[in-house]
Protein chains: 2
Amino acid sequence: MARKATQGKGNKKPLYASVYEELVERVRSGQWMPGQRIPNEFQIAAEQGVSQGTARKAVSRLAAENLLVRVQGLGTFVVEPTPEHFQFRFFSVFQANGKRIIPRSRSTKCKVGTASRIERMALDLRRNARVVRFQRLRMRGRRPFVTESICLPAETFEGLVVRSPPDTLYDLFQRDYGVLIKRIEERITATAADAKTAAKLKIAPGTPLLRIQRIAFALDDRPVELRVSFYHLHRAHFRAATE
Amino acid sequence: MARKATQGKGNKKPLYASVYEELVERVRSGQWMPGQRIPNEFQIAAEQGVSQGTARKAVSRLAAENLLVRVQGLGTFVVEPTPEHFQFRFFSVFQANGKRIIPRSRSTKCKVGTASRIERMALDLRRNARVVRFQRLRMRGRRPFVTESICLPAETFEGLVVRSPPDTLYDLFQRDYGVLIKRIEERITATAADAKTAAKLKIAPGTPLLRIQRIAFALDDRPVELRVSFYHLHRAHFRAATE
DNA sequence: CAGTGGTCTAGACCACGTG
DNA sequence: ACGTGGTCTAGACCACTGC
């Protein structure tokens with residue numbers, strides 16, 4: 001069973017990088033399912049023909065990227081794409097008291113169309129590429145407070161248009177399309193609510209809103225989602241941290 | 001010279017953590033100055049009475065925290081607190097074309113006072129603690145586009161009030177007060193410009209602005225700065241990333 | 001108790017930048 | 001050629017979990 005991790009002569013990649021890629025592939029392909037315990041470090045090392053320390057380095061990187069979860073004394077597990085997991089990570093809106101706001105969502109108008117110039121640039125698509133677009137309204141209790149316009153490459157998310165998108169997208173991405181969101185980038189400005197957005201959010205036109213344009217990147221750093229949101233934050237704030 | 005890194009019996013800290021703290025202290029105390037090359041991994045290992053791998057782990061952590069910079073084949077260096085270093089890291093405003101905006105600053109009204117309730121909570125101060133407050137206007141070319149109200153604990157930054165604060169603060173913190181900013185947390189909302197802020201920014205009252213409240217944390221995770229800023233972003237945006 | 005991740009060692013070799 | 005950081009190994013022991 002022991003497979004030597006041989007590399008081509010000119011290959012300069014460190015060994016742990018190869019092991020890392022192999023582990024990513026196993027998660028991505030579904031060979032290791034979410035929540036499942038993966039082999040221990042010595043088993044991985046033996047399989048890949050490297051030492052435990054090298055296997056450990058690969059696993060550590062995956063853990064740092066929130067793809068694996070280590071539990072001392074128990075084992076290492078594939079992260080479970082629960083709504084909480086992704087919500088907690090990427091929806092960083094908090095109340096004044098510091099509690100995170102967990103919104104509910106309502107989706108509407110799911111349609112396929114041709115990518116605009118901006119969408120092509122953001123999602124790195126070729127001319128005339130097809131995209132799935134839909135809109136959402138996020139609720140805080142009974143009050144709408146965020147509008148979202150989401151755009152996805154149709155090629156990557158084939159068949160998504162015929163379903164009604166669920167409350168949380170990223171767990172669906174992982175479960176049904178093997179696309180795991182690793183990081184997001186957001187561009188934030190302040191803007192006055194236009195008539196349409198104001199109506200949706202049930203506020204006066206001209207109310208200052210946060211406009212947040214998000215691009216989500218998959219494990220392989222491909223951009224796979226463009227999302228433009230307008231936030232009406234009453235006794236709440238968006239949170240950002242820089243290390 | 002070889003000092004064995006002995007620990008108390010009940011001490012459960014890993015060895016590399018002790019080495020890490022020792023290295024931090026050398027930088028903080030000025031024993032290793034900014035820009036200086038530090039001993040190589042084997043020398044550190046010998047000094048601290050650990051193996052090279054353990055010393056390396058401590059150095060790696062410092063490097064990950066942007067306190068040290070490694071250069072293969074050359075050595076490891078204490079980070080230089082140049083304006084660029086801190087500006088690039090913590091002032092994340094960009095033009096539409098993706099270029100970072102590097103502002104100039106004008107400071108005014110540097111005064112000492114007693115911390116308000118909000119300031120005490122943000123900076124973890126005791127009742128009646130003294131703080132240094134001043135205001136800044138950041139310019140993009142000839143146009144003002146950010147107002148800042150900065151609040152610092154007077155105890156930590158003794159004597160700062162008599163100087164005129166420079167364009168960039170954080171390099172001053174490191175050079176003159178041994179306070180190295182490791183991370184910042186920002187709370188972002190949208191708001192309409194009040195009359196006073198509008199006058200400073202030379203815009204119409206009511207213009208939507210980004211309000212950003214920043215708390216900056218030192219290496220030891222003490223909060224050492226509270227800053228409230230209003231951003232008028234024209235063809236520009238604030239950028240946030242979540243891993 | 002056995003099995004897991006977490007730490008640590010001593011030594012080896014490689015890749016890179018400088019002189 | 002030399003010294004540096006970067007990778008890798010084989011083996012050891014510790015700390016934690018669950019049976």
Side-chain angles (χ1 to χ4, degrees), chain A residues 2-23 26-27 32 35-79, chain B residues 2-23 26-27 32 35-79:
Chain A
R3 185 180 66 77
K4 187 65 182 172
T6 48
Q7 295 183 4
K9 228 183 175 182
N11 200 333
K12 287 168 190 168
K13 265 189 308 190
L15 266 181
Y16 67 79
S18 305
V19 177
Y20 166 84
E21 284 166 14
E22 172 65 21
L23 301 188
R26 291 196 187 173
V27 174
W32 289 344
Q36 185 183 327
R37 191 176 75 189
I38 73 171
N40 71 42
E41 292 174 353
F42 286 94
Q43 290 169 324
I44 292 173
E47 280 172 20
Q48 303 288 317
V50 299
S51 74
Q52 176 256 2
T54 302
R56 179 175 178 75
K57 192 154 182 174
V59 172
S60 295
R61 185 165 158 195
L62 272 287
E65 292 179 336
N66 296 301
L67 187 59
L68 298 178
V69 178
R70 300 178 122 137
V71 185
Q72 178 166 144
L74 251 181
T76 301
F77 302 81
V78 180
V79 72
Chain B
R3 184 180 67 79
K4 185 67 183 172
T6 47
Q7 296 184 2
K9 228 184 175 183
N11 201 332
K12 286 168 192 170
K13 265 188 309 187
L15 267 180
Y16 67 79
S18 306
V19 177
Y20 167 83
E21 284 164 14
E22 173 65 22
L23 300 189
R26 292 200 186 170
V27 174
W32 290 344
Q36 185 182 329
R37 191 175 76 188
I38 72 170
N40 70 42
E41 294 175 352
F42 287 93
Q43 290 169 324
I44 293 173
E47 280 173 19
Q48 303 289 318
V50 300
S51 73
Q52 176 256 1
T54 302
R56 179 172 178 76
K57 191 155 183 174
V59 173
S60 295
R61 187 166 157 192
L62 273 285
E65 291 177 338
N66 296 301
L67 187 59
L68 298 178
V69 178
R70 301 180 121 136
V71 184
Q72 179 165 145
L74 249 181
T76 300
F77 302 80
V78 180
V79 72

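This is a predicted model, so every value here is computed, not measured. So that the names make sense, note that chain A is the first sequence line, chain B the second, and so on, each numbered from 1.
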Answer yes or no: does a side-chain N or O of B:Arg56 lie under 4.0 Å from OP1 or OP2 of D:dG6? yes
Which is more 5' along DNA chain D, the nucleotide nearest B:Pro39 or the one nearest A:Ser51? Just name the residue. B:Pro39
Minimum side-chain heavy-atom gap B:Leu68-B:Val59 below 4.5 Å: yes
So does B:Asn40 get a backbone contact from the side chain of B:Gln43, meaning a donor-acceptor N/O pair under 3.5 Å? yes
What's the verdict on side chain to side chain contact (heavy atoms under 4.5 Å, CB included) for B:Val71 and B:Thr76, showing C-alpha distance, side-chain angles and the deciding distance? CA-CA 6 Å; B:Val71 184; B:Thr76 300; over 6 Å; no
Quick one, B:Val19 with B:Ile44, criterion side chain to side chain contact (heavy atoms under 4.5 Å, CB included). Give me CA distance, side-chain angles, the key distance, then yes/no. CA-CA 9 Å; B:Val19 177; B:Ile44 293 173; 4.3 Å; yes
Need one value for B:Tyr16: base, sugar-phosphate or nothing, where a base atom within 4.0 Å counts as base even if backbone is also close, heavy atoms only. sugar-phosphate
Roughly how many Å is it from OH in A:Tyr20 to P in D:dC8, rounded to a whole number? 15 Å
Taking atom P of C:dA10 as reference, at what distance in whole Å does atom CD of B:Glu41 sit? 16 Å
Identify, between A:Gln52 and B:Arg37, the residue whose nearest nucleotide on DNA chain D lies closer to the 5' end. B:Arg37
Would you kindly give the NZ-to-P distance between A:Lys13 and C:dA15, to the nearest whole Å? 15 Å
Could you give the CZ-to-C1' distance, from A:Phe42 to C:dT7, as a whole number of Å? 12 Å
In terms of heavy-atom contacts, A:Ala55 and A:Val50 come closest through N-CG2, 4.0 Å
Among the nucleotides D:dG5, C:dG5, C:dT9, whichever has the atom closest to the side chain of A:Asn40 is C:dG5
Hey, which of these two, B:Ala55 or A:Gln43, hits DNA chain C nearer its 5' end, going by closest nucleotide? A:Gln43
One pair to check against side chain to side chain contact (heavy atoms under 4.5 Å, CB included): B:Glu22 and B:Glu47. What are the steps and the verdict? CA-CA 11 Å; B:Glu22 173 65 22; B:Glu47 280 173 19; over 6 Å; no
With respect to the phosphate group of C:dT7, does any side-chain polar atom (N or O) of B:Lys57 fall under 4.0 Å of OP1 or OP2? yes
Which residues in residues 66-76 of chain B have at least one heavy atom lying under 4.0 Å from any atom of DNA chain D? B:Arg70, B:Val71, B:Gln72, B:Gly73, B:Leu74, B:Gly75, B:Thr76
Starting at CD of B:Gln48 and ending at C1' of C:dT9, how long is that distance when rounded to a whole Å? 16 Å
When the distance from CG of B:Leu15 to C1' of D:dA15 is rounded to whole Å, what number comes out? 15 Å
OP1, OP2 of C:dT7 versus side-chain N and O of B:Thr54: anything below 4.0 Å? no
Atom of A:Ser18, atom of A:Lys13 and distance for their closest heavy-atom approach: OG-CE, 4.2 Å
